[in-house]
> 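Sharing a structure with you now.
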Amino acid sequence: MRTSWADSVANSASETAVSDKNSLRRPTRSTYVPPHLRNRPASDTPNLSGPASERTSFNGTAGGSQWSRPSMGGGGVTKPELGRHNQVYGYAGAGRGGGGWNNRNGGWDRREREVNPFSDNDEADVTDQAFSEQESSGINFDAYEDIPVETSGENVPPPVNTFAEIDLGELLNQNIRRCKYVKPTPVQRHAIPIVLGGRDLMACAQTGSGKTAAFCFPIISGIMREQYVQRPRVARTAYPLALILSPTRELSCQIHGEAKKFSYQTGVKVVVAYGGAPINQQLRELERGVDILVATPGRLVDLLERARVSLQMIRYLALDEADRMLDMGFEPQIREIVEQMDMPNRGMRQTMLFSATFPREIQRLASDFLSNYIFLAVGRVGSSTDLIVQRVEFVQESDKRSHLMDLLHAQRENVVHGKQTLTLVFVETKKGADSLEHWLCINGFPATTIHGDRTQQERELALRSFKSGKTPILVATDVAARGLDIPHVAHVVNFDLPNDIDDYVHRIGRTGRAGKTGLATAFFNEGNSSLARPLAELMQEASQEVPAWLTRYASRATYGGSKNRRYGGGRFGGRDFRREGSLGRNLDHYGGGGGNSGSAYGVPGNYGGNAPGVSSAWD
DNA sequence: TTAAACA
């Protein structure tokens, strides 16, 4: 049964009230009962004796060389071949009171070695106590309450309202509590049941809306459920069960960090591989076993060619920032990885694509990777509350620097909790980034820069220095436009506007993160004419003040081609292109957007004949 | 044409 949007808002509002007001009260958590044991009389002996005992005996050999042990070919007792390191996932403890997702009860316990990812509080370098206290959950849920959500596809699993009602497993639930996640964000409420239900997913959701958890939770949970993961034992080749690809190294690092937290003490191993860093350490990590591999495409291809990684055991494939991953620069590589290597075909694996924006062409490409998928669109954070204030100023190329200086001077007054607020300045080129950084520094503004011509060390140092407030100005190319979660960026300046409106959306998304407010200023001049119309539309849809001169530019600008054309207005990053096909030309009026997109989306039943199972959260 | 992604 589907809950209505109003209901879910009411429900979650009441939950917040309870959990916020009385933090001492622990959430009631029922003892987990695995699916195959449910609805049985209490006397029924758990049907675990066979495998469990084998598991126990088998575990004694844990730590032995997994390479040299011959496979148990024709032996009388067919013992399950366990994965590397004898990873045992399953319900070994289900018979006991505590019940649940026991795992890795091996002779040696990795938990002792596993670094506690929750102890090194990476927020600490960013904020003082008062700040982080208040923001411990990291997400301002009030800002999420009225976000519209739309799903389409066949038999869409209904959303959930709490983590408790999802079968994620107790170990993962513990980590969710450690992360101080009180309740799922909209994208999590919808995406997690979809993925747990075994479905493929194309999801439009802004990063910072809890997207990483939305695909990590079901992956980790699913891997924990795999009782016996039989992986080939080929010396020095790693067989991950899940692959998460992202377009930049920093984003891969970030996802890896998150995934480590979520998988802490679950026995699920997460490894990251990206370029610009020595490969040897990554190889060692891989040899120690990997369940979830987070990678950038280039390094992954390298690893595949060296046969140090095989994709033949992949059950889950997630593409983060999928629209970037499938654009001109990346598509061939992604296609090679997904289609030319040894990865199981679509339908034999679960594929999840996430991005804040999903142009139609990209959706068409992406559908090659998907099987009977569900399309999920979560409205932009702040689409109604306007968490990001957008400004456009007409600035000639030659005036940009002094104009930026003015902004930065004003920003200087803006001190929160004794710290200078952070400003992220986007430029078009790598050279431009360097020269602007240099100019800022000699003019007394501590700045650093991140772009693809810098070494990985320099890039990571720049990011740390910015996050810590040591250099509160970061000049960046589009390498920093997507996905990076930098808390407390108060101001995004589009010193050079991008050519593509989607890039603009991603860039300004670096502020107003997790439901907080932010400011985005763009420098516009004749060179950006092609962006005038989509920009004006976007701003109007976001209830921003559109300067009259921009409107004039917009009406003057030729509006050719599908590039820079938005679908379904600004509340979502895209709409299901399968529907557009079925609706034919009628849909053209959506392209213009113009504020009535809400009603266009919200009317249920419009698509009944064409898209069975369509459910609107606005019902 | 930019940018990103392996040595």
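Values below: all heavy atoms of this structure, side chains included; hydrogens, waters and symmetry mates excluded. Just so we're on the same page: letters track the sequence lines, and every chain starts at 1.
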> To the nearest Å, give me how far apart CE (A/Met341) and P (B/dC6) are.
14 Å

> For A/Thr477, enumerate each residue passing the side chain to side chain donor-acceptor pair (under 3.5 Å) test, keeping only those at least two apart in sequence or located in another chain.
none

> How many Å lie between CE on A/Met325 and P on B/dA3, as a whole number?
19 Å

> Write out all pairs satisfying salt bridge (charged side-chain N to carboxylate O under 4.0 Å, His left out) with one or both partners inside residues 444-455 of chain A, taking only residues at least two apart or from two chains.
A/Lys430-A/Asp453, A/Arg454-A/Glu458

> Nearest to the side chain of A/Thr248 - B/dA3, B/dC6, B/dA4?
B/dA4

> Round to a whole Å and report the spacing from CG of A/Asp503 to C1' of B/dA3.
9 Å

> Please work out if A/Ala273 contacts a base, only the sugar-phosphate, or nothing of the nucleic acid, heavy-atom cut-off 4.0 Å.
nothing

> Does the plane of the ring in A/Tyr553 sit parallel, tilted or perpendicular to the ring in A/Phe524? Use 30° and 60° as the thresholds.
perpendicular

> May I ask you to check whether A/His488 and A/Phe466 place their ring centers less than 6.0 Å from one another?
no

> Atom CZ of A/Phe330 and atom C1' of B/dA4: how far apart are they, to the nearest Å?
5 Å

> Please state how far atom CG in A/Leu484 lies from atom P in B/dA4, giving the value in whole angstrom units.
12 Å

> Rounded to whole Å, how long is the line connecting atom CZ of A/Arg507 with atom P of B/dA3?
11 Å

> Give one of base, sugar-phosphate or nothing for A/Arg306, where a contact means two heavy atoms less than 4.0 Å apart.
nothing

> Ignoring hydrogens and angles, write down the donor-acceptor pairs under 3.5 Å from the side chains of residues 270-284 of chain A, residues two or more places apart or on other chains.
{"unit_1": "A/Tyr274", "atom_1": "OH", "unit_2": "A/Glu460", "atom_2": "OE2", "d": "3.4"}
{"unit_1": "A/Gln282", "atom_1": "OE1", "unit_2": "A/Tyr274", "atom_2": "N", "d": "3.4"}
{"unit_1": "A/Gln282", "atom_1": "OE1", "unit_2": "A/Arg299", "atom_2": "NH1", "d": "2.7"}
{"unit_1": "A/Gln282", "atom_1": "NE2", "unit_2": "A/Tyr274", "atom_2": "O", "d": "3.0"}

> Tell me whether the OP1 or OP2 atom of B/dA3 has a side-chain N or O from A/Arg482 closer than 4.0 Å.
no

> Between B/dT2 and A/Arg324, is there an OP1 or OP2 to side-chain N/O distance shorter than 4.0 Å?
no

> Holding to side-chain contact (heavy atoms from CB on, under 4.5 Å), I want the full list of residues that pass it with A/Pro472, two or more places apart in sequence or in another chain.
A/Gln420, A/Leu422, A/Pro446

> Please tell me which of the listed nucleotides, B/dC6, B/dA4, B/dT2, lies nearest to the side chain of A/Glu428?
B/dT2

> Would you kindly give the CG-to-C1' distance between A/Leu303 and B/dA5, to the nearest whole Å?
13 Å

> If you only use heavy atoms from C-beta on, which nucleotide in B/dA4, B/dC6, B/dT2 is closest to the side chain of A/Lys430?
B/dA4

> Within the 4.0 Å heavy-atom criterion, would you say A/Gly329 contacts the bases, only the backbone, or no part of the nucleic acid?
base

> Looking for any heavy atom pair under 4.0 Å, which part of the strands does A/Val479 touch: base, sugar-phosphate only, or nothing?
sugar-phosphate

> Identify each donor-acceptor pair in which a side-chain atom of residues 434-442 of chain A lies under 3.5 Å from a protein atom, sequence neighbours left out, and give them as a table.
{"unit_1": "A/Asp434", "atom_1": "OD1", "unit_2": "A/His451", "atom_2": "NE2", "d": "3.0"}
{"unit_1": "A/Asp434", "atom_1": "OD2", "unit_2": "A/His451", "atom_2": "NE2", "d": "3.3"}
{"unit_1": "A/Ser435", "atom_1": "OG", "unit_2": "A/Arg401", "atom_2": "NH2", "d": "3.0"}
{"unit_1": "A/Ser435", "atom_1": "OG", "unit_2": "A/Gly432", "atom_2": "O", "d": "3.4"}

> In this structure, is the centre-to-centre distance between the rings of A/Phe495 and A/Phe426 below 6.0 Å?
no

> Please work out which residues in residues 447-457 of chain A have a non-hydrogen atom less than 4.0 Å from an atom of DNA chain B and list them by number.
A/His451, A/Gly452

> Just how far, in rounded Å, is P of B/dT2 from CZ of A/Phe495?
19 Å

> Report the nucleotide, chosen from B/dA4, B/dT2, B/dC6, that has the shortest atom-to-atom distance to any side-chain atom of A/Thr477.
B/dA4

